[in-house]
Structure formats: C-alpha cells, structure tokens
Q: 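Next up is a structure, given as structure tokens.
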Amino acid sequence: EAVIPQEVPELTDEERKAILHSTDFVEFLDHSSKILERAMSERYDFMKDYTLGLDDTTEAV
Amino acid sequence: EAVIPQEVPELTDEERKAILHSTDFVEFLDHSSKILERAMSERYDFMKDYTLGLDDTTEAV
Amino acid sequence: MSEVEETIRRLSAKKNVQGVVIVNQLGLMIRSTLDASLAKQYATLMSDLVRMARDSVTQLDAENELKFLRIRTKKHEIMICPEREYLMIVVQTPEA
Amino acid sequence: MSEVEETIRRLSAKKNVQGVVIVNQLGLMIRSTLDASLAKQYATLMSDLVRMARDSVTQLDAENELKFLRIRTKKHEIMICPEREYLMIVVQTPEA
C-alpha cells in the first residue's frame, strides 16, 4: 500500500493524460472555453475609471 | 460589563444610524453605487445561451 | 429622504434588481431591501466569501487588491463591491 | 496538435490574457500556461474559493447553482468557469 502523502497530492502523468483524452474533459473544455471567450469579448470596462479607487487616494501608510 | 453573545452580534440601531450618517459611509455608498450601476448597465449576457449548461442536459438523478 | 436612501432606492429600482444588501466587513447588516432572514444569509455568506477572495488575491500578489466580485448563478447574478470597511451586495436576475 | 492544445492555445492568445489554468475540483493541476508555482497557487486558492462560492449559492437556494465567477482586482481579472468536475481559470489584464 502506498503511503498517504502529507502534502496535497498531484495527478500522475498517466492520470493527467487519461483526463485530457476523456470525452467528459473535451466537452468541458469546449463548453467552458466558449463561455470564457464570450466573457472576454465583453466590453468589461465598468471599473476603468475606478480601478484606482478610494483606497488609493487616501494617504499611503 | 455586557455578556459576550454566543451568536454573531448585530449592530444596534444607534450604531447603524451613526454609520449611515458618517462621511466614510456616504463616500463608500457614492463610489460603490456608481461602480454597480455601471456593472449593471453592461450587456452582461455572455452566459445567455449557456445558463442551461452541460449539467442540465445530462440525465437527471 | 436622505441621500443614502435615495441612492439605495435608485439602485433597487434598476431593471432586474432583486435586492440590495449593505454590510460592514464583519457581515453585520447596515441596510437591506430584502426580507430580513434572506438579507442576513447574504450578509454572512457573502462577507465570508469576500474575505476569502481578498485573502486569495493578496496571497497571489501582496500588492494586489480585490475590487469587485461577480457571482453568476443559474438563477441570478450576485455583484459585490467591497470598499473601505463596507460591502455593497446587489442581486440581479439576468435578462430573460 | 490535439484539440485540447488548440483550444488552450486559442484562449491564451487572446488579448490581455496572462494565463490559463485548468484543474479538477480538488484543485489538482491538469494543464496550465503559467509557470508551475504560480499555477499551483491559483489552482489551490481558486478551487477553494469556488467550493465556498458553490456552497454559498446552494445554501441560499438549494435549487440554484454556481455558473461563473469573476474576480476583479486592482491589477487583473480572474475568470473561473466551473463545469462538471473541472475548473477553467483565465487571468486577464484589464484594458489599459
């Protein structure tokens, strides 16, 4: 039996390869990349003038 | 001395009133409401066709 | 009507807005347009989430800072603006 | 080049994209375009944050579901798409 690692485990190369080739993952990737591309293409600039907000105009510590 | 409550405390009406009238709070409200109004006015519809995502098309449990 | 009430009324009157909740950073309620028990749930859950988001952002880069949080759900969108020691939470239904 | 690699390359090539990190729900790394240690930090912190956001959303309404998370910071924006048992994280610099 393998020793249970103390640290957060990582996927083995084999597990990772299996995921990357699974139908489930390919569908996830297709779906999420489309949503993300849409999200990115939005004019997401509502913070533009506010990125340097109130906090930054107060005296520096 | 007041007994320390076990539950999350709530603000007293007096404390709440003091906050609502503080310069700090009024400035916060002014700033954050402007940012929120901008965020809301965005065409935030990138999820539109995806709100019923993959999860919903798989068989119900 | 005070300036505070006017601002809250203006926000709540926006299209698709379900409610506005204003809390301090500890999640203690300052003002809300939702019913008390739901507002309190939002206050507690969202102030905890903002705290974690804030910590994550500064852990990734000590010079960075959380400015806004948008939580899109199946039924609605929760927008949170953290500023100074307060949080403004707005719950909005997406366009049909 | 596989379809997976092509998709990741297309996303990373978008304007202002700093990096793409794909993890499973436990935060275990599947694929990333960032350097390993930064990617791992994103993986751990963001999967924890998504777990908390997901829990908060269902606590507020058991029939609701987290669909997307947007974290706007002073320096950049982190966008997270949780779907099935994976998370896609994209870090984007806002327009100057």
Side-chain angles (χ1 to χ4, degrees), chain C residues 18-21 23 27 29 32-84 87-96, chain D residues 18-21 23 27 29 32-84 87-96:
Chain C
Q18 291 191 323
V20 177
V21 181
V23 298
M29 185 69 59
S32 152
T33 66
L34 293 172
D35 79 72
S37 84
L38 185 61
K40 204 170 171 180
Q41 266 196 299
Y42 270 105
T44 310
L45 293 169
M46 295 305 127
S47 61
D48 283 351
L49 191 63
V50 163
R51 196 171 306 119
M52 192 173 181
R54 218 191 280 267
D55 288 352
S56 301
V57 167
T58 48
Q59 266 184 66
L60 283 161
D61 176 353
E63 287 172 16
N64 202 1
E65 204 183 310
L66 178 69
K67 285 292 183 182
F68 202 83
L69 196 60
R70 258 178 139 144
I71 303 153
R72 176 67 180 243
T73 72
K74 201 167 73 177
K75 296 191 178 177
H76 54 227
E77 189 175 13
I78 307 167
M79 288 179 284
I80 308 173
C81 189
E83 185 80 54
R84 302 195 178 190
L87 306 181
M88 169 111 76
I89 304 163
V90 170
V91 186
Q92 194 182 26
T93 316
E95 309 260 343
Chain D
Q18 290 191 322
V20 177
V21 181
V23 297
M29 186 69 59
S32 152
T33 66
L34 292 173
D35 79 70
S37 83
L38 185 61
K40 205 170 171 180
Q41 265 197 300
Y42 270 105
T44 310
L45 294 168
M46 293 305 128
S47 60
D48 284 350
L49 190 64
V50 164
R51 196 172 306 118
M52 191 172 182
R54 216 191 281 267
D55 289 352
S56 302
V57 167
T58 49
Q59 266 185 67
L60 284 161
D61 176 352
E63 288 171 17
N64 203 1
E65 204 183 310
L66 178 68
K67 286 291 183 183
F68 202 84
L69 196 60
R70 256 179 141 143
I71 303 153
R72 176 69 181 241
T73 72
K74 201 168 72 177
K75 295 191 180 177
H76 55 226
E77 188 175 13
I78 307 167
M79 288 179 283
I80 307 174
C81 189
E83 186 80 53
R84 303 193 178 193
L87 306 180
M88 169 111 77
I89 305 162
V90 170
V91 186
Q92 193 182 28
T93 317
E95 310 259 345

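Every chain is numbered from 1, with letters handed out A, B, ... down the list of sequences.
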Q: Picking from C:L69, C:I80, C:I78, which has the most non-hydrogen pairs under 4.5 angstrom with chain D?
A: C:L69

Q: Are there any donor-acceptor pairs closer than 3.5 angstrom between chain D and chain C, and if so, which ones?
A:
| from | atom 1 | to | atom 2 | distance (Å) |
| --- | --- | --- | --- | --- |
| D:Q41 | NE2 | C:Q59 | O | 3.3 |
| D:Q59 | O | C:Q41 | NE2 | 3.3 |
| D:D61 | OD2 | C:K75 | NZ | 2.8 |
| D:N64 | OD1 | C:T73 | OG1 | 3.3 |
| D:N64 | OD1 | C:K74 | N | 3.2 |
| D:N64 | OD1 | C:K75 | N | 3.0 |
| D:N64 | ND2 | C:T73 | OG1 | 3.0 |
| D:E65 | O | C:K74 | N | 2.8 |
| D:K67 | N | C:R72 | O | 2.8 |
| D:F68 | N | C:R72 | O | 3.1 |
| D:F68 | O | C:R72 | N | 2.9 |
| D:R70 | N | C:R70 | O | 2.9 |
| D:R70 | O | C:R70 | N | 2.9 |
| D:R72 | N | C:F68 | O | 2.9 |
| D:R72 | O | C:K67 | N | 2.8 |
| D:R72 | O | C:F68 | N | 3.1 |
| D:T73 | OG1 | C:N64 | OD1 | 3.3 |
| D:T73 | OG1 | C:N64 | ND2 | 3.0 |
| D:K74 | N | C:N64 | OD1 | 3.2 |
| D:K74 | N | C:E65 | O | 2.8 |
| D:K75 | N | C:N64 | OD1 | 3.1 |
| D:K75 | NZ | C:D61 | OD2 | 2.8 |

Q: D:M46 versus chain C, heavy atoms under 4.5 Å apart: side chain, backbone, both or neither?
A: side chain

Q: Roughly how far apart are D:L60 CG and C:I71 CD1, rounded to 0.5 Å?
A: 9.0 Å

